Asker: 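One structure is given below, represented as structure tokens, and several questions about it will come after.
If you're wondering where the values come from, they're calculated on a predicted model, not measured in any experiment. Lettering follows sequence order; numbering is per chain, from 1.
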Number of protein chains: 2
Amino acid sequence: MEAPRWLDEREERAWRGYRRMRLLLDLELARELTQDAGLSEADYDVLSDLSETPQGRLRLRELADRMLWSRSRLSHHLTRMQQRGLVTREECADDARGSVVVLTPAGRQAIESAAPGHVAAVRRHLIDLLTPAEVDALGALTHRVVDHLAAPGLRATRPQPAAEA
Amino acid sequence: MEAPRWLDEREERAWRGYRRMRLLLDLELARELTQDAGLSEADYDVLSDLSETPQGRLRLRELADRMLWSRSRLSHHLTRMQQRGLVTREECADDARGSVVVLTPAGRQAIESAAPGHVAAVRRHLIDLLTPAEVDALGALTHRVVDHLAAPGLRATRPQPAAEA
DNA sequence: GGCAAGTCGATGACATGTCAACGAAAGCGT
DNA sequence: ACGCTTTCGTTGACATGTCATCGACTTGCC
């Protein structure tokens, strides 16, 4: 504790690079997505997860867990998306407390027309800039960090982080 | 357009891993920072950049550029930090339009007592989980992406509206 | 000098995210 | 059957970030 191990030059470079990439990459991807498809990244993620299910429907809780979002955040966001006609809410048959989020035709249309451009942007600004070895390294490293954060005895205050399959 | 090149399995793994890491790592670092030092990540970054200057003072514009923040965002945030006594604003001698952000003693105290814990958290949740080769790879890859985003004729380098022909 | 254009920073309106609290409905143990 | 606890989703208050705009000042050009 007394003697903090500061980051050495290479570690510092990696850490600063990561933070700066996060900022700029997000900004650019969000900008293109808004411009080309009229969606925010949050919208895209919601629609994307929904469209990956056979019916285009998910329990709100299930969707929140998959996205690692708080239910509050998802609920607020769905309200806004609902007003734009991208999704609807239905009552849940098995559990009268719950509700089911349902992709509307407009919502499916939106994600299907947005996806190719978005994937292309991810390629152009990230994936295609990396060597195959770097892609693998990034995959390995990020998953290790995620497992570390999701697994150990952290939590304490937040009943939030849900592990997933 | 017509034939989007979707991500293959390894690319998908890297991309999803990155996004998930970003979410969880940010959440955890912010949580610890708030709990241990009463600072948000934004606060930390502002104080950190300020404390790296000899005088602990910077033009607002200069600080915004370093952080890649919009001036609006910085101005709003400084107002809040000012109310908490972490920084003050002074008029700029050379340019009557501008103002200078100044680190207060309380602000310096805050960053100095927060830094060791924060660096330790960055190590614990990221750096120390990586091999030296991965640290270098992450440094290389992120800088390449950042250069790509900042360099080309892609309109704005910063959150500043650029003229478009 | 004087005017047009650009830069600086602040601000208000608004979009989005967090947090704590709530009512309703399951679940659980007895 | 009955309470106690937990889970579900919503909500309101608030923190934060974005965007457009403004007034003040500087700069460039004639």
Side-chain angles (χ1 to χ4, degrees), chain A residues 22-23 26-28 30-31 33-35 38-46 57-84 87-102 156-162, chain B residues 22-23 26-28 30-31 33-35 38-46 57-84 87-102 156 158-163:
Chain A
R22 197 180 43 139
L23 252 172
D26 274 20
L27 205 68
E28 179 60 18
R31 198 185 63 69
L33 197 51
T34 300
Q35 182 172 328
L39 296 175
S40 66
E41 288 199 316
D43 297 333
Y44 185 93
D45 290 345
V46 168
R57 37 201 298 125
L58 277 175
R59 279 292 294 271
L60 194 145
R61 175 189 168 298
E62 172 65 18
L63 182 53
D65 284 353
R66 288 194 194 201
M67 303 184 67
L68 301 182
W69 277 19
S70 72
R71 296 188 198 164
S72 168
R73 176 180 182 182
L74 183 56
S75 182
H76 280 302
H77 202 89
L78 288 177
T79 299
R80 297 188 289 260
M81 292 180 73
Q82 193 167 12
Q83 286 168 355
R84 294 194 286 146
V87 298
T88 56
R89 279 186 241 233
E90 287 181 11
E91 292 180 2
C92 182
D94 0 346
D95 188 336
R97 290 169 302 182
S99 54
V100 179
V101 191
V102 186
T157 35
R158 304 290 322 151
Q160 183 55 304
Chain B
R22 195 176 45 122
L23 252 172
D26 274 20
L27 204 68
E28 178 61 18
R31 197 186 63 71
L33 198 50
T34 300
Q35 183 171 329
L39 297 175
S40 67
E41 287 199 319
D43 297 333
Y44 186 91
D45 290 345
V46 170
R57 35 173 55 243
L58 277 175
R59 280 293 294 270
L60 194 147
R61 170 185 140 351
E62 171 66 16
L63 183 53
D65 285 353
R66 289 193 191 200
M67 300 184 71
L68 302 181
W69 277 19
S70 73
R71 296 185 198 168
S72 168
R73 176 180 182 184
L74 183 56
S75 182
H76 279 302
H77 202 90
L78 288 176
T79 299
R80 297 187 289 260
M81 292 180 73
Q82 193 167 14
Q83 286 168 354
R84 294 194 287 144
V87 298
T88 55
R89 279 186 240 235
E90 287 180 13
E91 292 179 2
C92 181
D94 353 346
D95 188 336
R97 289 170 303 183
S99 55
V100 179
V101 191
V102 186
R158 308 183 209 97
Q160 207 59 240

Asker: Of all heavy-atom pairs between B:Arg84 and B:Gly38, which one has the smallest distance, and what is that distance?
Answerer: NH1-O, 3.6 Å

Asker: Within this structure, what is the CD-to-C1' distance between B:Glu91 and D:dA24, rounded to whole angstrom?
Answerer: 12 Å

Asker: Provide the closest heavy-atom pair for B:Arg57 versus B:Val102 in the form atom of the first, atom of the second, distance.
Answerer: NH2-CG2, 3.7 Å

Asker: Measure CG/A:Asp26 against P/D:dT18 and give the value in whole Å, please.
Answerer: 11 Å

Asker: Measure from CG on A:Asp94 to P on D:dC8 and round the result to the nearest Å.
Answerer: 13 Å

Asker: Between D:dC14 atom P and B:Gln83 atom CD, what is the distance in whole Å?
Answerer: 15 Å

Asker: Angle between the end axes of the helix from C:dG1-D:dC30 to C:dT30-D:dA1, five pairs per end, to the nearest 10 degrees?
Answerer: 30°

Asker: So which heavy atom on A:Leu23 is nearest to which on B:Met67, and how close?
Answerer: CD1-O, 3.7 Å

Asker: Just to confirm, is there a sub-4.0 Å distance from OP1 or OP2 of C:dG17 to any side-chain nitrogen or oxygen of A:Arg80?
Answerer: yes

Asker: Between B:Asp43 and A:Gly98, who's closer to the 5' end of DNA chain D by nearest nucleotide?
Answerer: A:Gly98

Asker: Remember a base hit wins even if backbone is also touched, and classify B:Ser75 as base, sugar-phosphate or nothing at under 4.0 Å, heavy atoms.
Answerer: base

Asker: Please report the distance, rounded to the nearest Å, between CZ in B:Arg31 and P in C:dC19.
Answerer: 11 Å

Asker: Rounded to whole Å, please give me the gap between CG in A:Asp65 and C1' in D:dT7.
Answerer: 11 Å

Asker: So, is A:Arg89 near the phosphate of D:dG9, with a side-chain N or O under 4.0 Å from OP1 or OP2?
Answerer: no

Asker: Nearest heavy-atom pair of B:Ala64 and B:Leu74: which atoms, and what distance?
Answerer: N-CD2, 3.5 Å

Asker: Atom CZ of A:Arg71 and atom C1' of C:dG17: how far apart are they, to the nearest Å?
Answerer: 17 Å

Asker: Would you say the side-chain atoms of A:Arg59 and A:Ser99 include a donor-acceptor pair closer than 3.5 Å?
Answerer: no

Asker: Contact class for A:His77 (heavy atom, under 4.0 Å): base, sugar-phosphate, or nothing?
Answerer: sugar-phosphate

Asker: Has the side chain of B:His76 got a donor or acceptor that lies under 3.5 Å from a partner of the other kind on the base of C:dG9?
Answerer: no

Asker: Could you state the atom-to-atom distance from CZ of A:Arg73 to C1' of D:dT10 in whole Å?
Answerer: 17 Å

Asker: For a quick check of understanding: with a heavy-atom distance under 4.0 Å over all strands, which category does B:Ser72 fall into, base, sugar-phosphate or nothing?
Answerer: base

Asker: Mark yes or no for a side-chain to base donor-acceptor pair under 3.5 Å between A:Arg97 and D:dT7, with no hydrogen or angle criteria applied.
Answerer: yes

Asker: Could you measure the distance from the CE atom of A:Met81 to the CG atom of A:Leu39? Nearest 0.5 Å is fine.
Answerer: 7.5 Å

Asker: Looking only at heavy atoms, what is the nearest atom pair of A:Val101 and A:Leu60, with distance?
Answerer: CG2-CA, 4.1 Å

